[in-house]
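Since the structure comes first, as structure tokens, the remarks are kept for the end.
In what follows, every chain begins at residue 1, and chains take the letters A, B, ... in the order their sequences are listed.
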Amino acid sequence: MSAAPQFEPKIVAYVCNWCTYLGADLAGTARLEYPPNVRIIRLPCTGRIDFNLIIKALEVGADGVLVSGCHPGDCHYTAGNYHARRRWILFRELLDTLGIDLRRIEFAWISAAEGRKWQQVVTEFTEQTRKLGPYKELYATGAFPDVPAPETASPGAKSFAAESELREVCHKLLSEGTVKVVIGYGARGPVVVTRPEDADRLVWNNRCFSNLTAYLKRKEIKALGKAAVIVKPCDEKSLVELEKEAQFERKDAHVIGMACEGVGQPKCAHCTARTPRFVDVTLGVAAGPEPQSSPSPNRLAALMAMPPVERMAFWSDEFNRCVKCYACRQVCPMCYCERCIVDKNRPMSIDPAPSTKGNFAWHIARAFHLAGRCVGCGECSRACPAGIDLALLNISLHIAAQKNFGYEAGMDPKAEPVIGSYTLHDTEAFIR
Amino acid sequence: MENQALGQVPSEHLPVHFPSPIQVANCYQCGKCTAGCPVAMHMDVAPNQVVRLAQLGEWEKALRSRAIWECVGCQTCSTRCPKEVDCAGVMDALREASLARGMAAPERFSVVAFQKIFLENIRRNGRLNELELIGHFKLDVVLHTGRIPFLFKDAGLAPQLGKRKKLHLIPGKARDRGVVNRIFERCASERKP
Amino acid sequence: MSRIGVFTCWCGENIARTVDVDEVAKRVAELPGVRCSLNYKYMCADPGQALVREKIASEKLDGVVVASCSPHMHLKTFRKAAQTAGLNPYLVEMANIREQCSWVHHDRAQATAKAFEIIRLAVEKVRNDAALQPIRVPVTRRALVIGGGVAGIQAALDIADAGHEVVMVEREPSIGGKMAGLSETFPTLDCSQCILTPRMVEVGQHPRIKLYSYSEVEKVEGFVGNFKITIRQKARYVDVSKCTGCGECWNVCPLKRNSSEFDYGMGMRPAIYIPFPQAVPARPVIDKSQCAKLIRNGCGLCEKKCKAEAINFKDEDRLVEEAVGAVVVATGYKLYSIAKSQPKTTLAGYGEYGYGKYKDVIDSLQFERLVSASGPTGGVLKRPSDGAIPKSVVFISCVGSRDNAKGLPYCSKICCMYTAKHTMLYKHKVHDGQAHVFYMDIRAGGKGYDEFVRRAIEQDGARYYRGRVSKITQEHGKLIVRGADTLAGIPVTIEADMVVLAAAMRPADGIEELAQKLNIGYDEFGFLMESHPKLRPVETNTAGIFIAGACHSPKDIPEAVAQASAAASKVQVMLAADELTREPEIAAINEQTCAACFTCIRTCPYHAIDRAELRTPRGAFIKNTARVNPGLCMGCGTCVSVCPSKSADLQGFTDQQVYAMVESLA
Amino acid sequence: MNIGYYPGCALHGSSNDYEQSLRACLGALDVQLDEMKDWICCGATAAHSLNHKLSLALPARNLAVAERDGFKQLFAPCPLCSMQLLKAKKAAGDERVRKELSEIVEADLRGESEVLNLIQMFEKIGVARLKSAVKAPPKSITAACYYGCLLTRPPDVVHFDDFEQPTSMETIVAALGAKTVEWNYKTECCGAGMTMSNEDIVLELAHKILSNAAEHGANCLVVACPMCHVNLDMKQAAVERRFGKKLGMVVYYLSDLVGLALGLSAEQLSINRHFVTQA
């Protein structure tokens, strides 16, 4: 034995207890030999296989991750695999955007009767991974081509004429006691107005880019009593999603909608909404037709045109600036957990240190938790002190949700949220 | 001829080209087509059996059958088929293939001849010229069968038709017969046997 | 856990041949927290298990890993062994080094290395195991049976005879279902009512069966072992407790010409009526759409005549609640209607058969009444239009069934048999008559079934044509049936006096609404879904709810009865103890950290998570939260994956355990 | 109403009595027939029997030309023609086929125009309007309404009335004040295009239809198809000879009956040019 020892890939397999685990048992009973590289972790159902586990496996140095469970229709728990399939569809899109090599993660339906398929899948996946070599490209740094800066749009001035009307309306709401507090924009950013005479502090201009709905979740504001909140048509979308997630009830807030022609933010360049749809009162008029296009794909297209390893380098470059200040989380209207996953330390699923590994884990979790929920307000990118374009990840998932499930967050109050629902026809072209 | 049953081979390889999704394989031979067919009793092979022949890939038997020329195209079979097989469409497709291969049942020469002459007539005129149609048809049948009396069959109707101004000696023609001709050319059966 | 015992099995040579068990045991012993590491020839054999028990006691082990075969093979064995030695069984894990190692690899060094890693994974899991207690759910030891047909009757009697109370809910005024209206049954030709009515009486008189006739299930709350059922008792206008069933009322009722539901419109009944003489309960009901008193405050003769003063025109629907631990759904079937309009369906109806406009084209249940001794003609076969005795009858199979164009592709299964029976009954009544049958295939699998069909053809002279009927028309008082015989390849036309349609069986009306109330599945045709087609045929995916009879799929009487007994035995198992014991490997939610987004509620396949409020001991509202109902959770863990704040976790497969396992691979 | 008129070959040939009847009857209802220019034969039975593509192309040409000329609705009184036109229209629903057909027929086939048969034409005019326009209710008439094959079939192409038990024609006839009978052969085939080539079949089918109508008490038949009229009227004498019995069943076009009720004369409607004029 003189040849150099060949590379032995490390493969982690998450399998369900009722189909694939039994399929692997059957391969044993039938003495179907396969490479010994795979380590099986038995879980009750593919539904239990969280995306964090896949990331965790890569973090501990797996060169390949195999995820497998019952075929559609065979789930021991009737629908766990359908829910899993839906999450995988979106998760793969996210990983792809990040430049993680999708060949490193294999999905398969393997039934209890398919010992031979288990043998085949494990053998082929092991050999493929062996050929790919150790997964050195994870968190790789290096050169990558320029990515165009986010487009911006000049603010449309006309609709700002509604400022005085806004002050009148808020004055009336407060003085008549309809609401106890108005969450609005002041000269230097968001303000909370509780006295009628302070209504004059409210402004409506091209500096009103924040999504104020994020303040509705704040305990200290809730304590003040019924609030009026000022929303742009884009901000309004987060109310739609928050209501679906039981975080907001229409009766608890008075929603003042501003017709808007843009506030000069990147998100305004491809805005799809100019007039609020579900508010209690709409102020001002927005000129021009309703634009139709989706969030800007240009920047994303440039990114996706790169090979995965350069995409990874791009994100490494971005994330390495992250100091884990969590401003992205604080400013996000859809991040409302009282205890964030990153703050859970037993088990610690995300390394809280601002290391490469920890930063990737955090931003993957943040983005994926927003999958099918992000309304594209762009506050995360705007708030990031390190200037990381976090919204880019959200846009990629937004497009994925639209493409795969026809779902656009914030548009239809009746549409079933993407996570927590499924159809029998969800794509599974990527599943063996 | 290849002996291939429908459902086992892709349709483009079939000797009979079924133009629409007719799904002959769906037929479970209940016979409702035969039951409702107004002319089934005159057929050598019942409608359900015609479909069966197609299922079995017994194309020659199907294409040479008299039945496909007895069919009057009333669509009753397709309308009532519990399996939504377009039985009348199967008949059409078989007729087309039968003619293309020269397999049309000689006993039903007159039907075949009539259809062919009819099409030829509108190719020339754009619109049907009835007198010309009748003339050609009668001549063709007589030449083919030698049954001279056929020439004068229904001759008694002619004066009656004339009396009722139903004989148009100078019928209208379509203005642009060139386009008609080109349509015919473009639709000429692409599939050669 | 710091006192873990690891027991590596040789499985004879099965493991030891490929895996160096001594080496493995030695390396495992060095893992932190491992108190002892032993190997033995057959861990599952008595001496092996004894070794485990002994070490648990002597080494005070607080965790055990058995490295041997698949947990599907022996996890229960070793958990039981640990339990007898005083260790919580959920602190035992297995490392599968046989099926997933020694049997699939041949390189001894590689297999040994892999076996060690597999064991290390299991050690990590055990280290983070919690001592779990089986979940005990109190059980209300009563059962609800929905539907009082033959399946419901069988299930109710079986359960009641086993000593449990049964609540039976029947929509119609009497139990008995479709079978009560049948004439004779195949393949024995015994009288249907003779078999059924004694069973009906048994139900009516059983001390442990509480019968709600003319009632429907209004609402279902709770979960396995603890259902709360709200039942709507429809206004009967007759006080059942006072009524003696003497019959004075229906004899005196002047409105005698109402179409009888029991006779499928071929007989008449008064406005106050019992559906048929052997009805259980033998108490009348007033048809409020017909009664002159209820419509315009007229008549009232029955009230005057009733000595028991049981008539109560002021009666109203009443809602009653019953607590039960298990439910059997036996709501039965109805027939496909060939009529053009079929409420709430996309079914097309049969225009070619006249959409039901010919009086002498009847369905098979109507035929049953016409040949039944208790039927509207007293058992003399007279056709509906003019009462003439039909000398030629055509029976048509597969009407609505196996007919994609009409909407139902499935086989109705029992029609072949009852059609053969019909031809016999007909021949026995009309000796000079001729029965004709149009069929596509004869499906007569069953004890004595094919012989029965052959008898109809060979001895009773039924003429069978293999083909469907295309059209029915009427001429000179004859029905002209145009069919085909595909065996001869010819069209067949028969002039018939009567046509009997073997219409497809469909689930009874309202099945979807009921299924939604019970949270059980149904297919596109409304038939209820079993949990597993082979292994759990009478269970549904909702624990504690079982199905029996034709509400599941077309079935004949023996099958319906067998399924009912099977469902009843499942119920008896459940009701055998005061408590249900369930595996504790289920989800739990940290209600303090739950963000109350309720994604888990949308995701849970078992509807086992509810919205709840967290309150202080004094009842002040703190926050909203999701809460797992341990009675319903099956432990799939799908909620864990969708929980953004990681407040949901799955006991036995906690994040802590799984992460520890993965990290051991670093 | 901007309704185009597609007469089809028969109405310009031996069934010109039908056209005259239509023109007279619809004229009395203020509907002028605006004949589309450049129409060609729809291909009839011959095309769909022998050449599938041609059987779509010929009606497609007509539909495309009508659409080119701006007709949103096209009235085709011959059911075979209207069925063929509808078949082309249905085929145009498939974009690939639509493009192919457009190329073949040298005109842009959109498949958007509505195609009307005679009964739909009257429905468009309105049963109420017909009723109020009746001057001479044909009370002596007890009609068997005969739809034949292609008014209602294939249902997924023509989408007209109930294909097993149609009643639309009865509604119109009843509105005129005439009686109708329930009978069995409303949608049975008369032999259609076999008139010349397979007379035996035509005579047998026509015999069944005529006798069944008579047995159910009808004193005339009402049709909305030139082919049906040929087989039941012109061939009636042959049927009588073949089956050795007198039938004497007058066969009206639906427009004849409407015209009579509107007070038009038999001559105006060309009824006198039928073969069987009075029983």
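- Residues C:Y606 and A:Y77 share a closest heavy-atom pair of OH-CA, 2.9 Å.
- Between the side chains of A:T78 and C:N541, no donor-acceptor pair of N or O atoms lies under 3.5 Å.
- Both the backbone and the side chain of C:D655 have a heavy atom closer than 4.5 Å to some heavy atom of chain A.
- With a threshold of 4.5 angstrom between heavy atoms, C:S647 approaches chain A through its backbone and through its side chain.
- If you measure heavy-atom distances from A:S421 to chain C, you find no contacts under 4.5 Å at all.
- Only the side chain of A:K344 has a heavy atom closer than 4.5 Å to any heavy atom of chain C.
- Side-chain atoms of C:S641 come within 3.5 Å of backbone N or O of A:G47 as a donor-acceptor pair.
- A distance-only check finds a donor-acceptor pair linking the side chain of A:Q247 to the backbone of C:A596 [under 3.5 Å].
- Closest of all the heavy-atom pairs between C:L650 and A:P44 is CD2-CG, 3.3 Å.
- Residue contact with chain C, scored on non-hydrogen atoms closer than 4.5 Å, involves the backbone of A:K244 exclusively.
- If you measure heavy-atom distances from A:N37 to chain C, you find no contacts under 4.5 Å at all.
- Heavy-atom pairs under 4.5 Å with chain A peak, among C:P71, C:G652, C:C643, at C:P71.
- Using a 4.5 Å cut-off between heavy atoms, A:I49 contacts chain C through its backbone alone, with no side-chain atom that close.
- One finds the CZ atom of A:R373 at 6.5 Å from the OG1 atom of C:T599 (value rounded to the nearest 0.5 Å).
- Of the residues considered (A:Y336, A:F51, A:F368, A:Y422), A:Y336 shows the highest number of contacts with chain C, using heavy-atom pairs under 4.5 Å.
- Proximity to chain C (any heavy atom under 4.5 Å) is shown, for A:T46, by neither the backbone nor the side chain.
- Of the residues considered (C:C636, C:C594, C:C597, C:A122), C:C636 shows the highest number of contacts with chain A, using heavy-atom pairs under 4.5 Å.
- Looking at A:N17, the atoms closer than 4.5 Å to chain C (heavy atoms on both sides) sit in the backbone and in the side chain alike.
- Within the 4.5 angstrom heavy-atom criterion, atoms from both the backbone and the side chain of C:H106 approach chain A.
- For A:R31, the CZ atom is densely surrounded, since the number of other residues' heavy atoms within 6.0 Å is greater than 12.
- In this structure, A:H83 contributes its side chain and C:T603 its backbone to a donor-acceptor pair below 3.5 Å.
- Taking all atoms of both residues into account, the shortest heavy-atom contact from C:L121 to A:I40 is CD1-O, 3.8 Å.
- Contacts with chain C were tallied for A:E245, A:H76, A:E33; A:E33 has the most, counting heavy-atom pairs under 4.5 Å.
- The contact between A:L43 and chain C is made by backbone and side chain atoms together, counting heavy-atom distances below 4.5 Å.
- Residue with the most contacts toward chain A among C:Q592, C:K125, C:Q657, C:H72: C:H72 (heavy-atom pairs, distance under 4.5 Å).
- Side-chain contact between A:E338 and C:K623 is present, with heavy atoms from C-beta onward closer than 4.5 Å.
- With a 4.5 Å cut-off on side-chain heavy atoms, A:Y21 and C:S70 count as touching.
- With a 4.5 Å cut-off on non-hydrogen atoms, C:N14 touches chain A through its side chain but not through its backbone.
- Between chain C and the options A:A246, A:A79, A:C335, the largest number of non-hydrogen pairs under 4.5 Å is found for A:A246.
- Top candidate by heavy-atom pairs under 4.5 Å with chain C, chosen from A:N52, A:L242, A:D343, A:V12, is A:N52.
- Only the side chain of A:R87 comes within contact range of chain C, judged by heavy atoms closer than 4.5 Å.
- Identified by a heavy-atom distance below 4.5 Å to chain A, the contributing residues of residues 658-666 of chain C are C:V658, C:Y659, C:M661, C:V662, C:E663, C:L665, C:A666, in residue-number order.
- Between the side chain of A:R339 and the backbone N or O of C:S645 there is at least one donor-acceptor pair closer than 3.5 Å.
- The aromatic rings of A:Y34 and C:H105 lie perpendicular to each other, with more than 60° between the two planes, well past the 30° mark.
- Note: C:Q100 leads C:Q100, C:K646, C:R98, C:E99 in heavy-atom pairs under 4.5 Å with chain A.
- Of the two parts of C:N624, neither the backbone nor the side chain holds a non-hydrogen atom closer than 4.5 Å to a non-hydrogen atom of chain A.
- Both the backbone and the side chain of A:V38 come within contact range of chain C, judged by heavy atoms closer than 4.5 Å.
- Considering every non-hydrogen atom in both C:T638 and A:C45, the closest pair reads OG1-SG, 4.5 Å.
- In terms of non-hydrogen atom pairs under 4.5 Å with chain C, the most contact-rich of A:Q119, A:R42, A:E59 is A:R42.
- Contacts of A:E8 with chain C are made by side-chain atoms alone, with heavy-atom separations under 4.5 Å and no backbone atom involved.
- The heavy-atom pair separating A:P36 from C:Q110 by the smallest distance is CG-OE1, 3.4 Å.
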